[in-house]
Amino acid sequence: MDSPSRSNSLWKGKGKAKATDVDFEDLNPIITYRHLHSHNLSPRDPLRAIALCDSDAFYAACEQMRLGVDPAIPLVVRQWDSLIAVNYPARKFGISRMDRWDDALKKCPELKIVHVATYKEGDAEPGYWEKPDTRTHKVSLDYYRRESAKIYTMFKEGLPGAEIEKASIDEAFIDFTRPVREKLLERYPYLATVPDDAPEGIDSPLPPPPPISWDGLGVVVPIHPTADEEEQLLEDDNLTTWSDVALSIAAEMMGKVRADIHATLGYTLSAGIARNKFLAKLTASYRKPNNQSILRNYAIPDYLKPMPFQKIRFLGGKLGEALAREYDVKTCGDLLPISLEEMQRKFGEDSIWVYEILRGIDRSEVKEKSALTKSMLASKNLAEPVTKPSEGSHWIRVLAAELTLRLNDAREQSPGLWPKSIVLSIRQGWHLGRSKQAPFPFSRTVTADLIAAAGDKLWKELIGFDDSKPLPIKITHVGLSFTGIASTESGQRNIEGFFKAPDSMKIEERGTKRKSSATTEECAESTAITASRIVKDLDPGASSPTYFDCGRCGKRMSLPDDICDAEVGDDIKKQALAVLHTAHEDFHLALDLSRMPEEGTKTVKFRPDPPKKKKVRRSEPGGIARFLVKK
DNA sequence: GTGGATGAG
DNA sequence: CGCTCATCCAC
């Protein structure tokens with residue numbers, strides 16, 4: 001457990017040197033007019049103000065709102081036999097996330113238990129059932145995704161100018177720097193111009209900041225946690241900086257949106273506000289639920305030092321464990337004496353990320369994610385293993401139905417969305433897994449059948465299709481996913497240009513039902529090309545055309561003769577033509593996409609800021625390296 | 001492209 | 001071995 005070879009003094013020997021002096025050097029940087037007036041908001045901006053805002057016990061809150069349950073009632077969300085969300089009232093009973101539902105009920109007989117939505121093959125959409133069967137049903141988190149999207153929308157609308165990065169289904173980072181700066185100049189107009197007598201012109205420091213009232217802005221993390229509050233307040237007041245002013249304005253804005261969201265959607269949120277993402281995240285958990293906390297720069301050292309580093313984002317896993325073991329320590333403060341060189345020697349060049357984090361430094365940016373997701377996975381662990389190919393098809397249809405919903409849903413926001421490939425993965429027993437993927441044909445109208453067909457094909461490639469004899473192995477897990485989802489970001493305008501014919505497309509459904517309420521999605525689906533002409537041609541009463549002329553390539557696309565000649569109603573011919581039309585548009589669209597410069601999806605590193613996997617380049621792969629290097 | 005690893009909640 | 005989801009990377 002301990003490391004006898006390591007001299008204690010090496011890393012505990014710093015004595016009482018003020019960490020503020022030695023390890024945290026940047027707590028009160030000089031802020032000049034240039035900083036304030038620079039239009040180049042960089043991660044080094046001393047007036048940066050970042051928030052992490054997350055929804056309290058989100059799934060539980062969703063169910064509580066959906067069912068109109070009093071928020072004070074203990075409520076949990078159940079998934080099969082365990083719990084996936086526990087609201088705060090329920091936590092008071094000692095119920096926690098991984099508890100079994102029946103154990104939880106023993107702890108709190110009044111507990112309101114809601115099973116997460118599920119669906120089975122053939123269901124149009126997920127539903128809530130008292131007792132869903134794990135053998136036939138699959139969990140759906142769709143409702144939570146939709147509610148999450150509502151919150152995200154309110155963030156965007158309520159915080160113009162702020163950069164917002166959705167970090168997960170229940171949390172988002174918000175960069176307030178720009179709106180805060182505007183407010184700063186508005187509120188303190190004397191900052192707008194460099195005084196004539198400023199010694200160094202635009203590079204002169206700003207005048208002393210005004211005092212701040214934190215009333216109603218949230219909990220302010222104390223600079224030096226002590227028993228004496230009086231003393232604390234006194235000290236804190238004497239140390240106000242412009243950075244604090246910036247944080248207080250951010251807190252103001254954050255508080256307003258939180259209140260707004262609570263009033264409109266009913267969700268309570270907690271937020272942390274600090275100078276960077278990592279600290280914001282850490283600060284958000286300072287006081288929960290339904291609260292926000294502010295971490296001033298001067299409060300960073302004493303907040304961070306006692307903090308178990310394994311609580312830090314990306315240090316919660318094996319890397320954190322490896323660090324803890326290597327040095328036999330727990331807190332951030334414990335790791336401060338480790339030199340950068342030492343850390344890099346053991347954990348690779350990229351450990352500088354960890355080194356800086358421990359000192360409250362994090363330059364990673366809040367960046368709205370262009371494509372909201374790059375992949376979509378629907379998967380299911382099978383309580384009853386699949387032993388026949390036909391059973392596989394069954395689950396594939398279930399999973400395909402979910403992917404259909406989700407992809408079409410995503411397309412409401414970005415019509416050009418398109419998964420490059422579809423992947424079927426299966427697992428047998430406990431670790432052996434295989435997967436197979438194939439290109440996913442672009443199609444404007446994605447149906448469950450289309451996806452299921454693709455999945456079935458992969459299934460056959462993966463395990464064969466002879467239903468007569470049982471599979472040699474038991475499949476315990478089936479997953480169907482889309483990968484390489486591209487949103488044709490830069491081409492958005494082009495594409496929307498195509499997608500703007502009005503209500504022409506419902507013809508596929510029924511020629512007569514013209515004004516059927518077309519959803520935005522369906523409107524977006526219609527394409528310009530020759531749509532208006534087609535609609536005219538399809539005017540009720542006129543005899544059905546059997547071709548159309550493509551406005552883009554000029555080609556005349558005709559129905560196959562056998563359909564033209566067949567003794568079928570006009571309805572059928574209309575439908576057939578619509579299908580042909582759609583297919584042809586898809587062809588053009590795919591062509592457009594392939595020719596389009598891949599701006600949104602080029603080699604931009606998707607996750608530039610988080611810690612790199614530690615590539616250990618080291619002669620001796622012992623010790624921690626074993627965790628980090630593939631065996 | 002495939003499989004595995006990592007991480008979050 | 002909860003269960004479901006997402007991303008990255010070595011091969």
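Values below: every heavy atom of this structure, side chains too, minus hydrogens, waters and symmetry copies. Naming: A, B, ... by sequence-line order, numbering from 1 per chain.
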Relative to A:F173, does A:R313 satisfy both conditions: NZ or CZ under 6.0 angstrom from the six-membered ring centre, and within 45 degrees of the ring's axis?
-> no
In Å, rounded to the nearest 0.5 Å, how long is the span from CD1 of A:I113 to CD1 of A:I95?
-> 8.0 Å
Would you verify whether the NZ or CZ of A:R359 falls within 45 degrees of the ring axis of A:Y355 while also being under 6.0 Å from that six-membered ring's centre?
-> yes
Does A:R91 make a cation-pi contact with A:Y88, if we ask for NZ or CZ under 6.0 Å from the ring centre and within 45° of the axis?
-> yes
To the nearest Å, give me how far apart NE2 (A:H477) and P (C:dC3) are.
-> 10 Å
Output the single nucleotide from C:dC3, C:dG2, C:dC5 whose closest atom is nearest the side chain of A:N381.
-> C:dC3
Which of these nucleotides, C:dT7, C:dG2, C:dC3, is closest to any side-chain atom of A:K374?
-> C:dT7
Is the NZ or CZ atom of A:R48 positioned over A:F176's six-membered ring, under 6.0 angstrom from the centre and within 45° of the axis?
-> no
Regarding the side chain of A:D170, the nearest nucleotide among C:dT4, B:dG9, C:dT7 is B:dG9
Length of the line joining A:R97:CZ and C:dC3:C1', which is rounded to integer Å | 9 Å
Hey, is the side chain of A:R145 poking within less than 4.0 Å of OP1 or OP2 on C:dC5, counting only N and O atoms?
-> yes
Start with the C-alpha gap between A:K138 and A:E121, add the side-chain angles, then the distance that decides, and say whether salt bridge (Lys or Arg N to Asp or Glu O under 4.0 Å) holds.
-> CA-CA 9 Å; A:K138 185 203 172 300; A:E121 186 179 2; over 6 Å; no
Whole-Å distance between B:dG4 P and A:R427 CZ?
-> 10 Å
Which nucleotide, B:dG9, B:dG3, C:dT4, lies nearest any side-chain atom of A:L141?
-> C:dT4
Round to a whole Å and report the spacing from CG of A:L315 to P of B:dG7.
-> 9 Å
Contact check, side chains of A:S82 and A:W101, non-hydrogen atoms, under 4.5 Å | no
Classify the ring geometry between A:Y303 and A:Y286 as parallel (under 30°), tilted (30 to 60°) or perpendicular (over 60°).
-> perpendicular
Short side-chain N/O contact to B:dA8 OP1/OP2 from A:S168, under 4.0 Å | no
Does A:S379 put a side-chain nitrogen or oxygen below 4.0 Å from OP1 or OP2 of C:dC5?
-> yes
With respect to the side chain of A:K281, which nucleotide from C:dT4, B:dG9, C:dA6 is positioned closest?
-> B:dG9
Length of the line joining A:Q428:CD and B:dG4:C1', which is rounded to integer Å | 15 Å
Interface with DNA chain C, restricted to residues 73-88 of chain A and to heavy atoms under 4.0 Å | A:Q79, A:W80, A:I84
Atom CZ of A:F309 and atom P of B:dG7 are separated, to the nearest Å, by 13 Å
Nearest-Å distance, CZ (A:F314) to C1' (B:dA8)?
-> 9 Å
Would you indicate, yes or no, if B:dG3 has its OP1 or OP2 atom less than 4.0 angstrom from a side-chain nitrogen or oxygen of A:S435?
-> yes
Taking only the side-chain heavy atoms of A:L319 (C-beta and beyond), determine which of B:dG3, C:dC5, B:dG7 contains the nearest atom.
-> B:dG7
Whole angstrom value for the distance that separates C1' of B:dA8 from CD of A:E171 = 8 Å
